[in-house]
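Heads up, the thing below is written out as structure tokens.
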Amino acid sequence: MRSLVWFRRDLRVTDNSALAHAAERSTDGVVGLFILTPGQWRLHDDADAKVHFWLQNLQSLSQSLAALNIPLRVVSCDKFDQVPKLVCQSVSQFGCGDVYFNAEYEVNERSRDAQVTDALQSQSIQVHASDDRVIVRPGKIKTKEDRPYQVFTPYRRVWDTLACDDMTPLAIPPKQPKVDLKASKIPTELAGFDFSAARPDLWPAGEAEVDKRLAKFKAKIGSYGTDRDIPSISGTSQLSPYLAAGVVSPRQCLAVAIGRRNGSFTIPSATGPATWVSELTWRDFYTDVMVNAPRVSMHQPFKRSTNKIRWRDDPDDFAAWCEGRTGYPIVDAGMRQLNQTGWMHNRLRMVTAMFLTKHLLIDWRWGEKYFMQKLIDGDLAANNGGWQWSASTGTDSVPYFRIFNPFSQSKRFDPDGKYITRFCPELGNVPAKALHDSKKLADSVGDPTMNYPQCIVDHKFARQRALDEFKRIGDAH
DNA sequence: TGGGGATTCCC
DNA sequence: GGAATCCCC
């Protein structure tokens with residue numbers, strides 16, 4: 001039987017469950033399929049940078065598949081509602097008897113896949129879905145009362161006991177029997193998307209690049225625990241866009257940190273690798289939260305009581321935040337990094353998100369949407385989880401009274417101002433000390449030729465305003 | 001995966 | 001005046 005592998009956000013040939021299973025079982029060749037759905041991507045606020053990255057990686061995937069005699073066919077429709085018809089058409093056109101794909105867990109994606117599965121099964125086509133996007137399948141980890149965890153730490157304790165169960169990496173499949181089909185040409189432009197600001201220099205596509213990054217990261221993972229918090233250096237893995245697009249599997253990421261001992265894997269205890277594993281666990285945790293409480297991905301807070309918060313819908317303050325001109329150097333540097341590169345250091349994601357939701361008291365959904373529209377690594381579950389953490393509306397989120405002081409944050413994590421001045425060059429001549437001190441900074445930027453704004457809001461005032469509002473809704477912690 | 005303010009203690 | 005500590009938010 002000939003098999004169809006439907007690629008979505010798993011743009012790789014290494015350690016790809018759907019591809020490996022299809023190759024193992026098919027006897028008459030394998031065909032790859034990818035469906036462009038630009039209208040749906042716009043609805044989902046997928047960033048220009050991310051869609052560009054997908055297309056670049058599709059090109060690379062197509063070449064890797066061609067070497068295995070697997071032609072990658074690319075078809076297009078506007079939104080998910082037309083996908084079932086398109087998959088059925090492709091299956092019959094390519095002469096395939098079954099379909100393999102790796103599950104996606106978002107609401108719209110799950111409903112799409114259910115419809116596709118129904119449509120295929122009604123035509124006696126077998127459907128094989130694999131759980132491949134996270135390390136521990138969502139819904140698998142439950143409390144003793146058979147309920148999903150709402151707190152990260154106990155979730156992680158269980159996760160640790162399961163994470164290494166299925167660590168045998170899947171090899172790249174062997175060459176398949178030839179199929180009389182040509183691979184599609186991958187588009188380099190897409191109507192409705194603007195790729196002019198894409199930065200392929202920062203994020204080269206393809207699995208060869210992943211291998212390089214994995215090796216590089218493995219060599220320095222020992223100091224990841226501390227280095228990852230310093231945004232001026234390359235202390236993080238720089239893998240997130242690849243993980244979001246599935247150019248690397250979460251198991252490959254886990255394998256960097258865990259040593260194989262006597263043929264079995266164990267979760268590391270050393271700070272660096274353990275912190276990295278934690279980050280992978282957060283990714284699984286937030287996916288699990290989204291599946292168990294889909295409302296979080298439908299513009300609802302996890303903590304329903306926070307619906308009573310009167311967010312300030314101030315478009316001017318929001319624009320200043322988006323554009324990186326709040327007058328808080330660390331916040332502005334973070335936002336400008338996002339705008340210029342499509343990526344933001346994790347420490348800055350927390351600082352900027354908390355600034356928007358607490359200092360400006362602007363609705364976390366506005367920030368969540370803006371991040372998605374800009375991030376090359378945007379992932380619904382992780383982005384939503386992070387925003388609800390910062391806004392104190394989520395599961396196991398930061399207590400509302402724990403409000404980052406942007407000046408203390410930059411003093412701790414960017415003491416010499418190296419990161420700040422990289423993205424705010426107009427502050428290049430301001431002494432580092434003044435970058436972390438509101439009064440000294442106000443004196444420095446009092447010079448209008450510097451062209452850097454005064455603080456948009458006073459820290460002390462803003463902090464109290466947020467505390468008062470959260471106290472008002474009586475959300476006890 | 002804190003910060004602010006008050007107090008105390010020390011220099 | 002500054003570091004350490006404690007309490008509250």
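Here is the naming used below: chain letters follow the sequence lines, and residue numbers restart at 1 for every chain. These values consider heavy atoms only, across backbone and side chains, with no hydrogens, waters or symmetry-generated copies.
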> Under 6.0 Å from the six-membered ring centre of A:Tyr400 and within 45° of its axis: does the NZ or CZ of A:Lys471 meet both?
Replying inline: no
> Whole Å only: how far is the CZ atom of A:Phe401 from the P atom of C:dC8?
Replying inline: 12 Å
> Should the ring pair A:Trp282 and A:Phe285 be called parallel, tilted or perpendicular, given that the plane angle runs from 0 to 90° and is split at 30 and 60?
Replying inline: perpendicular
>> Between P on B:dG2 and CE on A:Met350, what's the gap in Å once rounded to a whole number?
In response: 7 Å
>> Whether A:His459 contacts B:dG4 is assessed here as follows: a side-chain N or O lying under 4.0 Å from the phosphate OP1 or OP2. Is that the case?
In response: yes
> Taking atom P of B:dG3 as reference, at what distance in whole Å does atom CZ of A:Phe355 sit?
Replying inline: 15 Å
> Heavy-atom distance under 4.5 Å between the side chains of A:Arg365 and A:Asn384, does that happen here?
Replying inline: no
>> Show me the dot-bracket string of DNA chain B, counting Watson-Crick or G-U pairs under 3.5 Å, with | for pairs to another strand and [ ] for crossing ones.
In response: .|||||||||.
>> Nearest whole Å is fine: how far is B:dG2 P from A:Met354 CE?
In response: 7 Å
>> Would you say A:Lys460 places a side-chain N or O within less than 4.0 Å of OP1 or OP2 belonging to B:dG5?
In response: yes
> Rounding to a whole Å, what distance do you find between A:Arg228:CZ and B:dT1:C1'?
Replying inline: 7 Å
>> Centroid separation under 6.0 Å, is that true for the rings of A:Tyr328 and A:Phe407?
In response: yes
Short N/O separations, protein against nucleotides 3-7 of chain C, under 3.5 angstrom:
none

> Can the positive tip of A:Arg8 be found less than 6.0 Å from the middle of the six-membered ring of A:Phe34, inside 45° of the ring normal?
Replying inline: no
> Hey, does the Lys NZ or Arg CZ of A:Arg347 hover above the aromatic six-ring of A:Phe413, less than 6.0 Å from the centre and inside 45° of the axis?
Replying inline: yes
>> Are A:Phe53 and A:Tyr242 an aromatic pair, judged by ring center distance below 6.0 Å?
In response: yes
> Does NZ or CZ of A:Arg157 lie under 6.0 Å from the centre of the six-membered ring of A:Trp159, at an angle within 45° of the ring axis?
Replying inline: no
>> For A:Arg12, is there an ion pair with A:Asp132 - N to carboxylate O distance below 4.0 angstrom?
In response: yes
> Quick one, which residues of residues 402-411 of chain A touch DNA chain B with a heavy atom under 4.0 Å?
Replying inline: A:Arg402, A:Ile403, A:Phe404, A:Asn405, A:Ser408, A:Gln409
>> Closer than 3.5 angstrom, by distance alone: can the side chain of A:Trp321 be matched with the main-chain N or O of A:Thr352 as a donor-acceptor pair?
In response: yes
> Over how many whole Å does the gap from A:Phe152 atom CZ to B:dT1 atom P extend?
Replying inline: 10 Å
> Between atom NZ in A:Lys471 and atom C1' in C:dC8, what is the gap in whole Å?
Replying inline: 9 Å
>> Run the salt bridge (charged side-chain N to carboxylate O under 4.0 Å, His left out) test on A:Arg213 and A:Glu209 for me, step by step, so that the C-alpha distance in whole Å, both residues' side-chain angles and the decisive distance to 0.1 Å come before the verdict.
In response: CA-CA 6 Å; A:Arg213 290 183 182 224; A:Glu209 179 66 22; 2.8 Å; yes
> Can you tell me how far P of B:dT1 sits from CG of A:Asp396, to the nearest Å?
Replying inline: 10 Å
